[in-house]
Amino acid sequence: MDGVLIRQIYRNPDAFLQQSVKVSGWVRTVRVSKAFGFIELNDGSFFKNLQIVFDEMLDNFAEIAKLPVSTALTVEGVLVESPGAKQPFELKAHRIVIEGSSTPDYPLQKKRHSLEFLRTIAHLRPRSNTFSAVFRIRSVAAYAIHRFFQERNFVYVHTPIITASDCEGAGAMFQVTTLDLNDLPRNQEGKVDYSQDFFGKETNLTVSGQLEAETFCLAFRNVYTFGPTFRAENSNTPRHAAEFWMVEPEIAFADLQDDMVLAEEMLKYIFRYCLENAPEEMEFCNQFIDQGLIERLEHIINSDFVRLPYTEAIELLQKSGQAFSYPVAWGCDLQTEHERFLTEQVFKKPVFVTDYPKEIKAFYMRLNDDRRTVAAMDLLVPGVGEIIGGSQREERLEILEQRMRDFGLDFEDYWWYLDLRKYGGVKHAGFGLGFERLIMYLTGISNIRDVIPFPRTVNSAEF
RNA sequence: UCCUCGAUAGCUCAAUGGUAGAGCACCCGGCUGUUAACCGGGCGGUUGUUGGUUCGAGUCCAACUCGGGGAGCCA
């Protein structure tokens with residue numbers, strides 16, 4: 001008899017009812033009486049457990065009745081309709097084989113644990129309901145992203161993890177070196193001689209694949225990256241990690257409006273895909289992590305995102321009569337409290353804030369005709385804040401060079417980036433989506449450490 | 001990095017400056033359809049670390065470590 005997956009049984013129970021079935025999985029809990037008992041078995045293929053009914057007809061009944069949680073079993077029996085109210089069917093066991101034993105000190109108890117405690121046992125927490133749901137949703141969402149772009153013929157670009165370009169100053173970087181830190185080679189000025197380092201120059205872990213993605217954009221037209229990025233910022237918040245994943249599409253012959261349409265369609269696609277393809281996991285999140293989650297996501301799928309120019313946002317905030325800790329004035333960046341007010345109080349749905357003052361945005365963002373603002377957009381969502389940052393890129397060589405001078409950037413470091421404008425440069429645009437922030441929004445999990453299998457944050461690189 | 005709150009049994013939490021407790025987990029026993037099963041009994045502690053105040057510190061003070069919430073930076 002070949003084994004079946006619990007997922008197969010749940011998805012098509014009629015094919016298995018009254019049939020002999022063999023399943024393998026791990027014990028979530030055992031409830032036992034004198035002559036019979038119940039096992040909740042989870043085989044990893046499905047969020048829900050299969051209830052196993054066993055009785056003293058088993059020759060190893062006494063042993064099975066005392067199994068500690070997390071014992072691995074293979075169970076053979078007949079799938080029958082369950083008289084119990086909480087499950088539609090159950091497996092009446094004829095034979096139970098212990099595949100892998102466990103011990104009573106198994107840390108995961110069959111009760112609710114705090115997320116903080118579960119973080120300390122990151123190697124075991126995927127066996128809990130919450131993380132079983134979160135990490136399957138993470139997987140499904142990652143696949144949805146690939147599907148979305150591949151269906152639209154975007155080319156998936158693998159931009160480098162190790163980079164020599166200190167691009168856009170997006171944040172502090174982790175240095176990559178093979179030099180002996182206890183005995184650094186020095187040049188004549190007494191500075192570290194990186195010509196003796198592995199790459200012959202100073203290198204770091206990437207903070208963004210955008211500039212490299214632009215090169216492929218101007219060859220393949222529509223491209224996207226999806227991979228890890230690293231920031232050595234000393235950020236101690238529930239929304240920042242030192243290692244996280246970003247999705248960065250880049251589209252040619254496209255402007256900021258096209259960019260926002262793409263971002264909006266992509267998010268709606270991912271939300272819809274996860275609701276349809278991980279319904280049990282989404283329902284669990286809706287019930288135990290964030291009540292109202294599904295309703296909110298469905299509302300977003302069916303609503304139009306707001307487009308709000310920065311200048312109007314400032315006026316709106318100023319006229320709101322709301323007391324803010326940080327004053328609102330044209331030219332200042334929006335503070336968290338301002339973003340929350342806009343997206344949570346005023347609109348109650350995602351808001352694109354567009355056309356920021358050029359001084360507070362990156363050098364590569366396209367200068368608008370007013371010469372004061374750039375074609376940038378941030379997508380703010382209730383609860384999570386900024387989830388996407390994007391812009392139309394400056395394709396005009398002279399203006400780009402002027403902007404680089406304004407920012408004090410060295411042309412030599414960007415010679416290849418400038419070449420893109422020289423050889424058939426066209427208008428193009430793109431954005432970056434913080435994948436973990438998307439997962440937070442999808443699951444209702446409020447700490448980024450709980451949507452990353454093994455999170456790396458300031459002072460923490462366990463496992 | 002700043003502000004703020006916290007750290008007591010494996011977990012979640014109690015405990016006026018004066019004998020460290022409960023629920024759950026775990027162990028033993030009971031129970032013929034359980035659902036975080038239930039009922040009875042038992043085991044379980046260098047009170048985060050270091051130092052200080054005091055006759056006496058889980059409790060007060062200081063520093064440090066780790067964690068929660070908020071802010072900055074950002075995705």
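Below, chain A is the first sequence line, B the second, and so on; all start at residue 1. All figures in this text were calculated on a predicted structure; none of them were measured in a lab.
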Can you run down the salt bridge (Lys or Arg N to Asp or Glu O under 4.0 Å) pairs that involve [range], sequence neighbours left out, and say none if there aren't any?
range: residues 102-114 of chain A; result: none
range: residues 46-73 of chain A; result: A:Asp55-A:Lys92
range: residues 342-352 of chain A; result: A:Arg340-A:Glu344

Can you sort out the partners of [X] under side chain to side chain contact (heavy atoms under 4.5 Å, CB included), two or more places apart, ordered by chain and number?
X: A:Ser24; answer: A:Thr74
X: A:Thr457; answer: A:Ala241, A:Arg449, A:Ser460
X: A:Thr229; answer: A:Thr206, A:Phe244, A:Met246
X: A:Asn42; answer: A:Arg28, A:Asn49

Between [options], which one does the side chain of [X] approach most closely?
X: A:Arg31; options: B:rU34, B:rC11, B:rC31; answer: B:rU34
X: A:Phe38; options: B:rC11, B:rU34, B:rC73; answer: B:rU34
X: A:Val53; options: B:rC74, B:rG67, B:rG33; answer: B:rG33
X: A:Thr237; options: B:rA71, B:rC11, B:rG70; answer: B:rA71

Specify the residues of [range], ordered by number, for which at least one heavy atom lies under 4.0 angstrom from an atom of RNA chain B.
range: residues 324-346 of chain A; answer: A:Tyr326, A:Gln335, A:Thr336
range: residues 124-148 of chain A; answer: none
range: residues 85-92 of chain A; answer: A:Ala85, A:Lys86, A:Gln87, A:Glu90

Between [N] atom [atom2] and [X] atom [atom1], what is the distance in whole Å?
X: A:Ile360; N: B:rC74; atom1: CD1; atom2: C1'; answer: 13 Å
X: A:Phe117; N: B:rG68; atom1: CZ; atom2: P; answer: 15 Å
X: A:Lys361; N: B:rC73; atom1: NZ; atom2: C1'; answer: 12 Å
X: A:Arg119; N: B:rG68; atom1: CZ; atom2: P; answer: 5 Å
X: A:Phe61; N: B:rU32; atom1: CZ; atom2: P; answer: 11 Å
X: A:Glu116; N: B:rG48; atom1: CD; atom2: P; answer: 18 Å
X: A:Leu118; N: B:rG10; atom1: CG; atom2: P; answer: 17 Å
X: A:Arg28; N: B:rU34; atom1: CZ; atom2: C1'; answer: 18 Å

Would you kindly compare A:Glu386 and A:Ser446 by the position of their nearest RNA chain B nucleotide and give the one closer to the 5′ end?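 Here A:Ser446 is the residue nearer the 5' end.
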
Between [N] and [M], how far apart are the two [atom1] atoms, rounded to whole Å?
N: B:rG72; M: B:rC3; atom1: P; value: 16 Å
N: B:rC2; M: B:rG44; atom1: C1'; value: 41 Å
N: B:rC27; M: B:rU32; atom1: C1'; value: 25 Å
N: B:rG67; M: B:rU12; atom1: P; value: 15 Å
N: B:rG48; M: B:rG6; atom1: C1'; value: 11 Å
N: B:rU16; M: B:rA63; atom1: P; value: 25 Å
N: B:rG23; M: B:rU8; atom1: C1'; value: 15 Å
N: B:rG70; M: B:rU54; atom1: C1'; value: 37 Å

Does [X] make a side-chain N or O approach to OP1 or OP2 of [N] shorter than 4.0 Å?
X: A:Asn447; N: B:rG67; value: no
X: A:Ser33; N: B:rU32; value: no
X: A:Asn459; N: B:rU65; value: no

If you write RNA chain B from 5' to 3' in dot-bracket form, with Watson-Crick or G-U pairs under 3.5 Å, [ ] for crossing pairs and | for pairs with another strand, what do you get? (((((((..((((....[..)))).(((((.......))))).....(((((..]....))))))))))))....

Salt bridge check: are [X] and [Y] linked by an N-O gap of less than 4.0 Å?
X: A:Arg296; Y: A:Asp290; answer: yes
X: A:Asp378; Y: A:Lys361; answer: yes
X: A:Arg456; Y: A:Glu462; answer: no
X: A:Glu280; Y: A:Arg11; answer: yes
X: A:Asp450; Y: A:Arg125; answer: yes

What is the nucleic acid contact for [X], judged by heavy atoms within less than 4.0 Å: base, sugar-phosphate only, or nothing?
X: A:His240; value: base
X: A:Phe36; value: sugar-phosphate
X: A:Ser82; value: base
X: A:Ile388; value: sugar-phosphate

Using only heavy-atom distances, determine whether the side chains of A:His428 and A:Glu214 contain a donor-acceptor pair under 3.5 Å.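 A donor-acceptor contact under 3.5 Å links the two side chains.
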
Under 3.5 Å, side chain of A:His240 to main-chain N/O of A:Asn236, donor-acceptor pair present?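 Such a contact is absent between A:His240 side chain and A:Asn236 backbone.
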
With a 3.5 Å cut-off and heavy atoms only, can you find an N or O donor on one side and an acceptor on the other between the side chain of A:Ser235 and the base of B:rC73?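 Indeed there is one.
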
When you measure only distances, ignoring hydrogens and angles, does the side chain of A:Asn236 come within 3.5 Å of the base of B:rU1 through a donor and an acceptor? yes

Hey, what's the ring geometry for A:Phe174 with A:Phe230, parallel, tilted or perpendicular (30° and 60° as the breaks)?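 Geometry flag for A:Phe230 against A:Phe174: perpendicular rings.
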
Take the angle between the ring planes of A:Tyr356 and A:Tyr310 and call it parallel below 30°, perpendicular above 60°, tilted in between.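 Rings of A:Tyr356 and A:Tyr310: tilted, as their planes differ by 30° to 60°.
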
Applying the ring pair (Phe, Tyr, Trp, His ring centres under 6.0 Å) criterion to A:Phe149, which one of A:Tyr269, A:Phe154, A:Phe226, A:Phe220 satisfies it?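 Running ring pair (Phe, Tyr, Trp, His ring centres under 6.0 Å) over A:Tyr269, A:Phe154, A:Phe226, A:Phe220 with A:Phe149 returns exactly one hit, A:Phe154.
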
Using side-chain heavy atoms (C-beta onward) and a distance below 4.5 Å, is A:Phe324 in contact with A:Phe341? yes

What string of B, S and - do you get for nucleotides 24-30 of chain B, 5' to 3', if B is base contact, S is sugar-phosphate-only contact and - is no contact with any protein heavy atom under 4.0 Å? BSSSS--

Measure from NZ or CZ of A:Arg403 to the centre of the six-membered ring of A:Phe407, then state whether that distance is under 6.0 Å and the direction lies within 45° of the axis. no

